[in-house]
Structure formats: C-alpha cells, structure tokens
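Here is the naming used below: chain letters follow the sequence lines, and residue numbers restart at 1 for every chain. This one's a predicted model, so the numbers in the text were calculated from it and none came from an experiment.
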Amino acid sequence: MPLIPLPRSFYAREPHAVARALLGKLMVRVDGRGRLRVGRIVETEAYHQSDPASHSYIGQTPRNQIMFGPAGYAYVYFTYGMHYCMNVVCQQEGEAGAVLLRAMEPVEGIAAMAKARGIELPLQPTTKQLRSLTSGPARLAEAFSIIRTRDNGIDITRKTSGLYFADDGASVSKIITTTRIGITKAVEKKWRYLIEGNPFVSK
DNA sequence: GAGGAGATCGTCT
DNA sequence: GACGATCTCCTCT
C-alpha cells in the first residue's frame with residue numbers, strides 16, 4: 001500500500017481531535033538513502049495555547065514560533081539538556097496548538113531505529129526490546145533521528161520533507177485518556193490519549 | 001519492580 | 001540563575 005501524507009486539513013483542527021485521530025496512524029521517515037523507518041502511533045498528548053503546561057502559553061518566542069504558524073508542520077524542541085521531542089502543529093494560523101508524540105510501535109526499519117538509539121538488537125527481538133526503541137517522546141525522536149536544527153518547522157504534509165504521517169487503514173480498538181506525563185502545570189487535565197492495552201505505550 | 005539521582009544545556013526571568 | 005512535555009543507571013527490596 002502506498003503511503004500518502006495526511007493533508008493539511010487533518011492537522012487544521014483543535015489539538016484534542018488531532019491527538020485522537022493520530023492514534024493508529026503511521027509516522028514515516030525517509031532518510032537520505034531512501035530507507036524507510038515507519039512507526040504506528042499509540043500514544044499522544046494535546047497542548048493548546050490557553051494551557052499552562054504548553055510551551056505556547058507564555059506567548060510567541062523564538063523557540064515556540066513554529067506553533068504559532070499554520071498547521072501541518074513539525075515542532076521539535078530540545079529539553080533536559082539532552083533530549084528532543086516531536087510535535088505536530090495543529091489548529092488554525094494564529095492559534096498555537098500542538099500534539100506531542102509520546103509512543104509508537106515500530107513497524108519498519110527496526111534495525112535503523114536501533115542503530116539511531118545506540119542499541120544492539122538480536123535477530124528476533126522481544127516485545128520488551130522493541131518497546132525500548134520508541135516508548136517515550138525522547139526515545140521515538142531519537143529512533144527516527146529527529147533533531148531540532150534539521151526538523152523543526154518542516155512541512156509534514158509533503159513527502160519531500162522526508163518526515164510525514166500516513167493512514168494505512170488500520171483500525172484502532174479503543175482509545176482511553178489519562179493525565180499527562182512529566183508536567184508540573186495543569187496536571188489534572190486528562191489530555192493524554194492512548195490505545196488501550198497496547199504494549200508499546202510509555203510507562 | 002520501585003524509587004531516586006544525575007546527566008546537561010537551551011530558554012526565559 | 002533556575003528549571004524543564006526525559007531517560008538511564010544504580011541501589012534496595
């Protein structure tokens with residue numbers, strides 16, 4: 001099945017709708033040699049501008065300006081002095097919303113993911129070992145070689161960007177919501193979305 | 001399996 | 001000058 005990038009209209013909605021809709025979709029990375037890395041999204045978090053936990057809450061700054069632009073672009077930030085995290089920008093221009101990708105199920109290019117993570121995998125990796133590749137926002141960013149200087153602000157609706165999202169028709173069993181992870185503000189909001197029972201979610 | 005410390009630097013006050 | 005949308009490693013149980 002050909003993987004067609006999801007259109008900009010998919011992202012031009014409020015973050016909760018996008019966070020929910022992204023579950024079960026594929027993230028596709030094509031590197032310079034044309035090799036594919038593909039993961040199925042199993043966990044997301046929604047962040048909108050009026051949300052104290054969001055980077056956009058304080059208003060536009062050089063760091064977060066991508067979130068204030070049009071939907072369908074990547075917002076990549078650097079945190080804790082060593083980690084990158086991958087978001088998709090949603091909502092309409094002028095309103096800064098984003099969805100953080102928190103966990104994926106590795107689908108294709110597993111060897112390349114392991115190499116990017118600096119992990120040695122056996123020929124027949126266990127579920128636990130596959131989990132360690134992409135079950136966490138910084139882990140999946142590293143597995144897909146996502147870095148701020150190259151990937152922040154790229155257009156994720158174009159195949160030529162080398163990073164986009166696609167629908168392979170897979171259905172999602174059941175979506176549940178919980179509180180978000182690793183934040184200190186608005187901790188009570190249940191704005192984390194995940195596929196119930198999926199072994200690849202974080203924590 | 002749970003819990004805590006340390007790593008390490010860009011960003012904003 | 002403080003702290004973060006995190007991860008790994010180590011210790012203790």
Just by distance, with hydrogens left out, do A/Arg37 and A/Ser145 show a side-chain donor and acceptor under 3.5 Å apart? yes
Candidate nucleotides B/dC12, C/dC7, C/dG4, ranked by approach to the side chain of A/Pro62 - the nearest: B/dC12
Hey, is A/Tyr47 stacking on C/dA5? Ring centres under 5.5 Å, planes under 30°. yes
What is the nucleic acid contact for A/Ala138, judged by heavy atoms within less than 4.0 Å: base, sugar-phosphate only, or nothing? sugar-phosphate
Under 3.5 Å, side chain of A/Ser202 to main-chain N/O of A/Ala103, donor-acceptor pair present? no
Identify which nucleotide among C/dT6, B/dC9, B/dC12 has an atom closest to any side-chain atom of A/Phe78, counting heavy atoms from C-beta outward. B/dC9
OH of A/Tyr84 versus P of B/dC9: gap in Å, rounded? 10 Å
Find the distance A/Arg139:CZ to C/dT8:C1' and express it as a whole number of Å. 8 Å
Interatomic distance where NE2 belongs to A/His55 and P belongs to C/dT6 [whole Å]: 9 Å
Regarding the side chain of A/Ile181, the nearest nucleotide among C/dT6, C/dT8, C/dA5 is C/dT6
Measure the distance from CD1 on A/Ile146 to C1' on C/dT6 and round it to the nearest whole Å. 15 Å
I'd like to know if A/Tyr80 reaches the base of B/dA7 with its side chain, counting only an N/O donor and acceptor under 3.5 Å. no
Checking all strands, does A/Ile183 fall into the base, sugar-phosphate, or nothing category for heavy-atom contacts under 4.0 angstrom? sugar-phosphate
DNA chain C: A/Thr184 or A/Ser135, which has the more 5' nearest nucleotide? A/Thr184
From the candidates B/dC12, C/dG4, C/dT8, the one with an atom nearest any side-chain atom of A/Arg117 is C/dT8
Given DNA chain B, 5'-ward residue of the pair A/Arg148 and A/Lys128, judged by closest heavy atom: A/Lys128
For ring pair (Phe, Tyr, Trp, His ring centres under 6.0 Å), just list the numbers for A/Tyr73 and A/Tyr75, CA-CA rounded to whole Å, side-chain angles, deciding distance to a tenth of an Å, and then say yes or no. CA-CA 7 Å; A/Tyr73 289 81; A/Tyr75 169 52; over 10 Å; no
So A/Arg180, base contact, sugar-phosphate only, or nothing? Heavy-atom distance under 4.0 Å. nothing
With a 3.5 Å distance limit and no angle check, can you tell me whether A/Arg102 reaches the backbone of A/Leu194 through a side-chain donor-acceptor pair? no
Does the structure show a Watson-Crick or G-U wobble partner for B/dG4, both distances under 3.5 Å? Name it, or say none. C/dC9
Nearest-nucleotide check on DNA chain C, A/Ser56 vs A/Ser132; residue mapping nearer the 5' end is A/Ser56
Just how far, in rounded Å, is C1' of C/dT6 from CG of A/Leu101? 15 Å
